Chemist: 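Sending over a structure as structure tokens; questions will come in a sec.
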Amino acid sequence: KLRCLSMSMTFKDKVLVIGGSGFLGSHVVDQLILNGYEVTNYDLQPPRYNGETHHFIQGNILDVDALKSSIRGNAAVFIFAGLSDLNKGLKDPIGTVELNILALTYILETCVQCSVSRVIYSSSIYADTDVGGFYGASKLAAEAYIREYSRVYNLNHTIVRYGSLYGDRSGLENGLYRMVKDALVSNRASYEGDAETTREYIHVADAAKATVPLLQEKNNDRTVLLSGMHPIRVRDVLAIVSEVLNLESSGDIIEREYTGHYVRTPYRSKRQIEKVALSEYVDFGMGIRDLIEYVKSVEDV
């Protein structure tokens, strides 16, 4: 059984970000530092963007001893690590369970033993829907485990169901990144899937800014939705990409079934959830322009 030594020091400003080298996690690390927190990043991969600004521990989320030594002494823990690629999850149910449920349970058990005051968990809009395959099912199960730890051990937590993120530091697992890269390579923007596909895109910087204040919540058990403020159809996304790149065509939609993915942002959750309202946010067209420049800077296109 996991044990943590009792500590007499104050952990008010010490925060651990598990998965702080990734797309969203690295932006949250930036925002935490800007807000005066002492941040440690626990990740399998070294930080590529902000490594000089915080302490880094290289570790696997399935390594119980490494997790214990890293979590000890922190007031709060952000959990961004795990399997985040829905398409990979469709083909690997066992790996999905290991990374999104088993590893999470190790983290939660250690947080309880080490008296962590709050856990903020990165869930998905696919949780509690009829799509998402093993990935969506794992996110729903993970939420259930967190709530049970809250009920049994009074573990304060906030679950954040993120919508469609985009922006710099993303990669090929991100839909808009792939669309932009393909358009740069072929000089034609295209999308394979349902022509009625609609998303509430949220820039990763906006998501990070809205995530950090959740540390100050008083609620012991809260689930929130963090997505864009305005739905946008995929045909309009293609038109924006084409306009910024000065392409002759406004884009092509190749109709096919996109297994596991929702068509429109789902709001059929069985739980009472609140959507976080953004008072300021990156304009989508400007965000696409910046994403194009980012893709150009990291890809040979």
Side-chain angles (χ1 to χ4, degrees), residues 2-84 98-100 102-123 142 145-146 149-150 153 155-160 162 165 168-171 204-205 207-217 226:
L2 302 176
R3 297 289 183 188
C4 277
L5 300 176
S6 60
M7 306 285 282
S8 58
M9 62 181 291
T10 301
F11 310 136
K12 179 181 178 182
D13 297 323
K14 298 187 71 174
V15 176
L16 179 70
V17 181
I18 300 177
S21 296
F23 176 36
L24 175 58
S26 65
H27 282 275
V28 171
V29 166
D30 287 345
Q31 287 299 315
L32 286 166
I33 292 169
L34 284 174
N35 282 272
Y37 291 95
E38 182 180 340
V39 181
T40 298
N41 169 15
Y42 181 95
D43 202 300
L44 194 59
Q45 302 298 327
R48 293 179 290 167
Y49 313 103
N50 48 19
E52 302 301 318
T53 61
H54 63 278
H55 182 52
F56 171 68
I57 299 173
Q58 189 165 23
N60 193 307
I61 54 175
L62 292 169
D63 186 335
V64 178
D65 291 334
L67 282 171
K68 181 169 65 174
S69 62
S70 301
I71 290 173
R72 182 188 296 123
N74 287 278
V77 173
F78 286 84
I79 306 172
F80 294 111
L83 187 143
S84 59
E98 287 179 337
L99 294 175
N100 286 1
L102 178 60
L104 172 70
T105 308
Y106 290 154
I107 294 169
L108 296 175
E109 185 74 10
T110 306
C111 286
V112 169
Q113 295 293 330
C114 295
S115 301
V116 169
S117 63
R118 179 165 293 277
V119 167
I120 295 181
Y121 175 67
S122 172
S123 187
Y145 265 81
I146 292 170
Y149 265 86
S150 176
Y153 300 110
L155 179 64
N156 295 331
H157 68 273
T158 303
I159 294 169
V160 187
Y162 290 97
L165 296 165
D168 61 295
R169 306 180 189 174
S170 57
V204 66
K209 289 177 183 177
T211 297
V212 170
L214 299 175
L215 276 175
Q216 305 301 324
E217 283 202 325
L226 188 48

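Remember, it's a predicted structure, so these values are computed and weren't measured experimentally. Residue indices begin at 1 and follow the sequence shown. All values below come from the heavy atoms of this structure, side chains included, with hydrogens, waters and symmetry mates left out.
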Chemist: Give the C-alpha distance, both sets of side-chain angles, the deciding distance and a yes or no for side-chain contact (heavy atoms from CB on, under 4.5 Å) between His54 and Ile33.
Modeler: CA-CA 8 Å; His54 63 278; Ile33 292 169; 4.0 Å; yes

Chemist: To the nearest 0.5 Å, what is the distance between OG (Ser26) and CZ (Phe80)?
Modeler: 9.5 Å

Chemist: Just how far is it from atom NZ of Lys14 to atom NE2 of His55, taken to the nearest 0.5 Å?
Modeler: 8.5 Å

Chemist: Do Ile71 and Cys111 come close enough that some side-chain heavy atom pair is under 4.5 Å?
Modeler: yes

Chemist: Give a yes or no answer on whether the side chain of Asp63 reaches the backbone of Ala66 with a donor-acceptor pair at less than 3.5 Å.
Modeler: yes

Chemist: Return the minimal non-hydrogen interatomic distance between Gly51 and Pro47, and the atom names on each side.
Modeler: CA-CG, 3.6 Å

Chemist: Has the side chain of Asn74 got a donor or acceptor atom that lies under 3.5 Å from a matching backbone atom of Ala76?
Modeler: no

Chemist: Gln31 vs Tyr37, test: side chain to side chain donor-acceptor pair (under 3.5 Å). Steps then yes/no.
Modeler: CA-CA 9 Å; Gln31 287 299 315; Tyr37 291 95; over 6 Å; no

Chemist: Any donor-acceptor pair under 3.5 Å linking the side chain of Asn156 with the backbone of Ser117?
Modeler: yes

Chemist: Check whether any side-chain heavy atom of Leu155 sits under 4.5 Å from a side-chain heavy atom of Ile146, and report yes or no.
Modeler: no

Chemist: Is a side-chain donor-acceptor pair under 3.5 Å present for Gln58 with Tyr42?
Modeler: no

Chemist: Please list, chain by chain and in numerical order, all residues satisfying salt bridge (Lys or Arg N to Asp or Glu O under 4.0 Å) with Arg169, sequence neighbours excluded.
Modeler: Asp30

Chemist: Can you give the donor-acceptor pairs under 3.5 Å from side chains of residues 15-22 to other protein atoms, not counting sequence neighbours?
Modeler:
| residue | atom | partner | partner atom | Å |
| --- | --- | --- | --- | --- |
| Ser21 | OG | Asn41 | ND2 | 3.0 |
| Ser21 | OG | Gln45 | O | 2.7 |

Chemist: Run the side-chain contact (heavy atoms from CB on, under 4.5 Å) check on Leu32 and Leu215 step by step: do they pass?
Modeler: CA-CA 10 Å; Leu32 286 166; Leu215 276 175; 3.6 Å; yes

Chemist: Is there a side-chain contact between Val160 and Ser122, using heavy atoms and a 4.5 Å cut-off?
Modeler: no

Chemist: Answer yes or no: is there a side-chain heavy-atom contact under 4.5 Å between Val112 and Tyr149?
Modeler: yes

Chemist: Listed by chain and number, what are the side chain to side chain donor-acceptor pair (under 3.5 Å) partners of His157, not counting sequence neighbours?
Modeler: Asp221

Chemist: Run the side chain to side chain donor-acceptor pair (under 3.5 Å) test against Thr158 and tell me which residues pass, sequence neighbours left out.
Modeler: Arg118, Glu217

Chemist: Mind telling me whether His27 and Phe23 have parallel, tilted or perpendicular rings, with 30° and 60° as the class edges?
Modeler: perpendicular

Chemist: Taking side chain to side chain contact (heavy atoms under 4.5 Å, CB included) as the definition, give me every residue that meets it alongside Ala207, ordered by chain and number, with sequence neighbours left out.
Modeler: Leu24, Tyr162, Leu165, Ile202, Leu226

Chemist: Could you state the interatomic distance from CZ (Arg48) to CG (Asp43), rounded to the nearest 0.5 Å?
Modeler: 10.0 Å

Chemist: So do the side chains of Ile61 and Tyr106 get within less than 4.5 Å of each other, counting heavy atoms only?
Modeler: no

Chemist: At what distance, to the nearest 0.5 angstrom, does CG of Asn60 lie from CG of Leu67?
Modeler: 8.0 Å

Chemist: So Asn50 and Thr53, do their side chains get closer than 4.5 Å, heavy atoms only?
Modeler: yes

Chemist: Report the residues that fulfil ring-ring contact (aromatic ring centres under 6.0 Å, His included) with Phe56, sequence neighbours left out, ordered by chain and then residue number.
Modeler: none

Chemist: Please confirm whether the backbone N or O of Leu83 pairs with a side-chain atom of Asn100, one donor and one acceptor, at under 3.5 Å?
Modeler: yes

